[in-house]
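Since this is a predicted model, take the numbers as computed values, not measurements.
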Amino acid sequence: MGDAVSREQAAREIAELRQVIAEHEYRYYVLDDPVISDAEFDKLFRRLQQLEAQYPELITPDSPTQRVGGQVSSAFRAVPHTRAVLSLGNAFSESELRAFDRRAKELSRARELDYVVEPKIDGLSVILRYDNGRFTLALTRGDGLSGEDVTANVRTIGSVPLALRPVPQGVPEYLEVRGEVFLPKEDFRKLNEEREQQGLAVFANSRNAAAGSLRQLDPKVTASRPLRALFYELRELRGNVPMPGTETGCLELLKALGFPVPVYYYCESIGEVIDIISEWQEKRHTLPYDIDGMVVKVQDLALAQSLGATGHSPRSQIAFKFPAEQVETKINDIIVQVGRTGVLTPIAILQPVTVSGSVVSRASLHNEDLIREKDIRIGDTVILQKAGDIIPEVVAVVKDKRTGEEVEFSMPEACPSCGSPVVRPAGEVAHRCINISCPAQLKESLIHFCSRDAMDIRGLGPAIIESLLQAGLINDAGDLYNLTQEDIAKLPGMGQKSVSNLVRSIEASKSRPLHKLIYAFGIRHVGARTAAVLSRHFSSLDEIMDATEERLMQVEDVGPETAKAVVMFFRQDSVRKLIDKLRSAGVEAAIGRQANTEQTGPLSGKTLVLTGTLSSMTRHEAQEHIERLGGKVSSSVSRNTFALVVGSSPGSKLDRARALGVRVMTEQEFLDLIHGRSSVDGN
Ligand code: IVH
């Protein structure tokens with residue numbers, strides 16, 4: 001699979017790969033029934049990237065590799081909608097639903113009306129256009145008459161089809177569809193957690209997070225947020241594919257064309273609608289994304305059309321809004337936690353209370369500004385709800401219940417863990433402890449290092465880390481690998497079995513892949529996803545450590561702030577020491593030279609060195625070609641160098657290569673190699 005191929009072969013393979021990839025995306029996002037693993041999918045994707053890199057002229061905008069276009073815009077241009085984008089009227093009770101049904105029956109003179117019920121996804125509305133089956137434009141709702149062009153950002157969303165799947169009549173000449181872009185609950189939680197650690201303002205709910213992510217000027221940022229989309233309204237259809245006569249018909253057609261659609265229920269009467277809604281009110285928390293109600297739609301589209309609209313909402317549809325589950329409780333105290341990046345987070349200690357299905361006894365108050373804004377004091381009675389159904393949030397203070405005994409809170413001037421000064425950097429909402437060796441930061445960063453998405457050291461949780469620190473057995477993550485059975489056995493509550501289990505899991509973690517290690521370092525702005533992208537682009541930790549900001553920014557998803565954070569991180573002495581410790585302890589697979597075994601290609605595992613000036617490309621382009629073929633570029637010639645590529649006016653590297661008997665390649669030979677006209681062994 002890694003062999004260089006001719007243009008003709010490449011064109012054929014590219015077409016095939018695109019189809020296979022689109023099929024797997026469809027199974028994953030639309031049918032929710034993937035048949036291959038993520039790793040297998042990545043492999044197909046990388047092969048396509050590799051072929052397209054060899055023959056860039058074969059790239060088309062609907063290739064799955066083109067989701068991140070990379071262009072940064074300065075504003076979103078306004079584009080008029082083809083017709084008004086309406087919103088929905090609301091119902092808050094059963095009787096309001098019945099009134100809606102009665103009115104629709106009166107106006108249509110129907111005895112009984114049938115409906116479709118769908119969850120009301122709490123995201124933001126987008127309108128997508130497809131010309132001859134190709135995705136061409138995405139707009140926000142805007143004021144309903146014109147919206148903002150968010151095409152580049154919507155393109156990055158994996159569940160948005162770039163090309164429609166043909167139905168028996170072919171693909172529509174023109175199609176316009178409306179749907180909802182949202183951030184799944186779990187991703188929302190992670191995003192906020194990361195932002196809190198970075199001293200950035202948190203999003204109040206998943207809808208704001210989705211909106212903030214979609215309205216990014218740099219599509220790379222949008223691509224780094226795992227947005228999803230579901231489509232529920234077929235607004236326009238022209239060409240050979242006929243417009244269905246019913247709501248369910250539209251949803252089925254959308255699905256067949258490749259759009260993920262929400263679950264929906266066909267109901268023969270308003271009574272059935274009400275039953276479905278009350279069922280869902282109970283189980284709404286079980287969905288992986290937030291819903292704030294259910295939408296009820298008249299099934300027959302001609303009838304719906306005849307009902308018309310009032311103001312901005314159609315008379316044939318209504319949104320039933322779920323009441324937000326809110327409870328009252330008391331704030332017994334506000335404590336301050338120090339995170340692994342030194343951010344101080346105020347936490348409300350609550351009188352334990354059950355809300356949306358679980359007992360809550362703590363709620364993050366995020367930062368001092370938010371506490372001031374809501375005027376939250378220790379001793380206050382407050383209203384609590386779960387934002388995004390999972391994160392407990394203090395909504396407001398019940399001021400009527402104040403006794404006068406309540407105490408105002410202010411951030412401490414000294415770190416509660418180490419006593420060092422606390423500062424609030426300009427432009428941040430967070431307060432930070434300035435001591436980089438603050439024990440609380442160390443503890444939190446160790447907890448992160450051992451966590452599941454990082455080095456996954458089972459059994460090494462917060463309590464044991466705390467004991468190890470207190471016993472003076474560890475000072476950084478590198479020390480974990482020097483712990484002996486005897487050291488661990490000294491800790492309180494450790495039996496023989498737990499000691500050997502722990503030793504075994506520490507040992508097992510030595511062979512975690514590179515991306516887990518990078519994530520485990522807890523570098524600012526480098527979440528699990530960015531870590532994976534970095535490890536895919538560089539073949540070893542050494543290369544990442546040596547990369548410049550410019551080089552890092554060429555990696556998809558990596559913006560200037562992240563690039564800077566990575567460079568600054570590896571510049572620290574303490575980090576270099578930590579890496580030395582990890583290396584000598586044998587955290588091999590991750591750090592060693594063959595780290596990225598996933599890289600495949602004709603130059604896989606081979607190191608090339610460049611010298612002199614190439615006439616047909618810049619040094620950087622040459623490097624990219626080599627990396628795409630699975631190889632890497634080093635700055636000096638050694639016995640392990642596979643070949644030295646020589647341009648005009650070569651330097652002393654050429655002498656060294658000759659002395660060591662390393663293969664010397666002319667520019668022409670190199671071009672033949674990267675364009676597949678010769679193979680690695682020179683034939
Ligand atoms: S139908 C004419 N169906 O809710 C309006 N809307 O409050 C057609 N929404 O702006 C909208 N899930 O952004 C419809 N299954 C669903 C929905 C849904 C979420 C949003 C949509 C709309 C808002 C109305």
Side chain to side chain contact (heavy atoms under 4.5 Å, CB included) between Ile579 and Phe570, intermediate numbers included: CA-CA 9 Å; Ile579 290 170; Phe570 287 115; 3.7 Å; yes
Residues Tyr481, Ser509; criterion side chain to side chain donor-acceptor pair (under 3.5 Å); working and verdict: CA-CA 9 Å; Tyr481 295 95; Ser509 76; 2.8 Å; yes
Stepwise salt bridge (charged side-chain N to carboxylate O under 4.0 Å, His left out) check, Asp476 with Lys581: CA-CA 9 Å; Asp476 65 21; Lys581 275 192 206 173; 3.1 Å; yes
Side chain to side chain donor-acceptor pair (under 3.5 Å) between Ser616 and Glu667, intermediate numbers included: CA-CA 8 Å; Ser616 58; Glu667 181 169 356; 2.6 Å; yes
Side chain to side chain contact (heavy atoms under 4.5 Å, CB included) assessment of Leu200 paired with Glu428: CA-CA 6 Å; Leu200 300 171; Glu428 287 196 6; 5.9 Å; no
Full working for side chain to side chain contact (heavy atoms under 4.5 Å, CB included) between Leu517 and Arg512: CA-CA 7 Å; Leu517 180 69; Arg512 297 281 176 255; 6.0 Å; no
Intermediate values then yes/no, side chain to side chain contact (heavy atoms under 4.5 Å, CB included), Thr562 and Leu552: CA-CA 9 Å; Thr562 310; Leu552 287 160; over 6 Å; no
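Rounded to the nearest 0.5 Å, atoms CZ (Phe670) and CG (Leu608) are 7.0 Å apart. A distance of 11.0 Å separates NE2 in His448 from CE in Met455, rounded to the nearest 0.5 Å. Atom OG of residue Ser417 and atom NZ of residue Lys443 lie 9.0 Å apart, to the nearest 0.5 angstrom. Note that the OH atom of Tyr28 and the CD1 atom of Ile36 stand 11.5 Å from one another [nearest 0.5 Å]. Put simply, CG on Leu480 and CG on Leu446 are 6.0 Å apart, with the number rounded to the nearest 0.5 Å. Rounded to the nearest 0.5 angstrom, Gln198 CD and Arg432 CZ are separated by 8.5 Å.
With hydrogens and angles disregarded, a donor-acceptor distance shorter than 3.5 Å links the side chain of Lys516 to the backbone of Arg452. When atom types are taken as modelled, the side chain of Arg195 and the backbone of Val202 share no donor-acceptor pair closer than 3.5 angstrom. No donor-acceptor pair closer than 3.5 Å links the side chain of Ser364 to the backbone N or O of Ile347. For the pair Lys510 (side chain) and Ala585 (backbone), a donor-acceptor distance under 3.5 Å is present. Judged by distance alone, with hydrogens and angles left aside, the side-chain atoms of Lys653 form a donor-acceptor pair with the main-chain N or O of Leu610 at under 3.5 Å. For the pair Asn367 (side chain) and Ala430 (backbone), a donor-acceptor distance under 3.5 Å is absent. Proximity of a side-chain donor or acceptor of Ser584 to a complementary backbone N or O of Asp580 within less than 3.5 Å is detected. With hydrogens and angles ignored, the 3.5 Å screen pairs no side-chain donor or acceptor of Ser505 with any backbone N or O of Ile457. Put simply, the side chain of Asn192 gets close to the backbone of Phe203: a donor and an acceptor are under 3.5 Å apart.
With respect to Asp456 and Arg458, a salt bridge is recorded, a charged nitrogen being found less than 4.0 Å from a carboxylate O. A salt bridge links Asp542 with Arg583: at least one charged nitrogen is closer than 4.0 Å to a carboxylate oxygen. Salt-bridge formation is detected for the pair Arg189/Glu186: a Lys NZ or Arg NE/NH1/NH2 atom is positioned less than 4.0 Å from an Asp or Glu carboxylate oxygen. Salt bridge Lys490/Glu486: absent, no basic N to carboxylate O contact under 4.0 Å. The pair Asp369-Arg424 counts as a salt bridge, with a side-chain nitrogen and a carboxylate oxygen less than 4.0 angstrom apart. A salt bridge does not link Glu669 with Arg663: none of the charged nitrogens is closer than 4.0 Å to a carboxylate oxygen.
Using a 4.5 Å cut-off on side-chain heavy atoms (C-beta onward), Leu502 and Met494 make contact. For the pair Phe642 and Val662, the minimum side-chain heavy-atom distance is 4.5 Å or more. The shortest distance between side-chain heavy atoms of Leu442 and Ile474 does not fall below 4.5 Å. Ile434 has its side chain out of reach of Val422: every pair of non-hydrogen atoms, C-beta onward, lies at least 4.5 Å apart. Looking at Val160 and Arg155, their side chains never come closer than 4.5 Å, going by heavy atoms from C-beta outward. Side chains of Met545 and Arg576 form a contact here, defined as non-hydrogen atoms less than 4.5 Å apart. Contact check for Pro416 versus Leu344: side-chain heavy atoms found under the 4.5 Å cut-off. Side-chain contact check for Thr548 versus Arg551: some heavy-atom pair is nearer than 4.5 Å.
A donor-acceptor contact closer than 3.5 angstrom is absent between the side chains of Thr341 and Gln441. The closest side-chain donor-acceptor pair between Arg46 and Gln49, if any, does not fall under 3.5 angstrom. Checked by atom type, the side-chain pair Glu466/Gln470 shows a donor-acceptor distance below 3.5 Å. For the residue pair Thr530 / Tyr519, no side-chain donor-acceptor distance below 3.5 Å is found, with atom types taken as modelled. Judged purely by distance below 3.5 Å, without hydrogens or angles, the side chains of Ser445 and Arg340 never pair a donor atom with an acceptor atom. A donor atom on one side chain and an acceptor atom on the other are found under 3.5 Å apart for Ser63 and Glu52. In this model, a donor atom of one side chain and an acceptor atom of the other lie less than 3.5 Å apart for Thr484 and Asp487.
Annotation for His366 and Leu370: closest pair CB-CD1, 3.5 Å, computed over non-hydrogen atoms. Between Glu25 and Arg67 the shortest heavy-atom distance is OE1-NH2, 3.4 Å. Of all non-hydrogen atoms in Glu444 and Val338, the two that sit nearest each other are CG-O, 3.2 Å. Heavy atoms only, all atoms of each residue included: Pro219 and Thr156 are closest at O-CG2, 3.7 Å. For Phe188 against Leu183, the heavy-atom pair with the smallest separation is CA-CD2, 3.7 Å. Among all heavy-atom pairs drawn from Ser420 and Asn435, the shortest one is OG-CB, 3.2 Å.
For the pair Arg228 and Tyr29, the cation does not sit on the ring face, since its NZ or CZ is not both under 6.0 Å from the ring centre and inside 45° of the axis.
Within a 6.0 Å sphere centred on NZ of Lys606, other residues, nucleotides and ligands contribute more than 12 heavy atoms. Atom CD of Glu40 sits in a crowded spot, with more than 12 heavy atoms from other residues, nucleotides or ligands closer than 6.0 Å.
Between Phe521 and Phe569, the distance from one ring center to the other falls under 6.0 angstrom.
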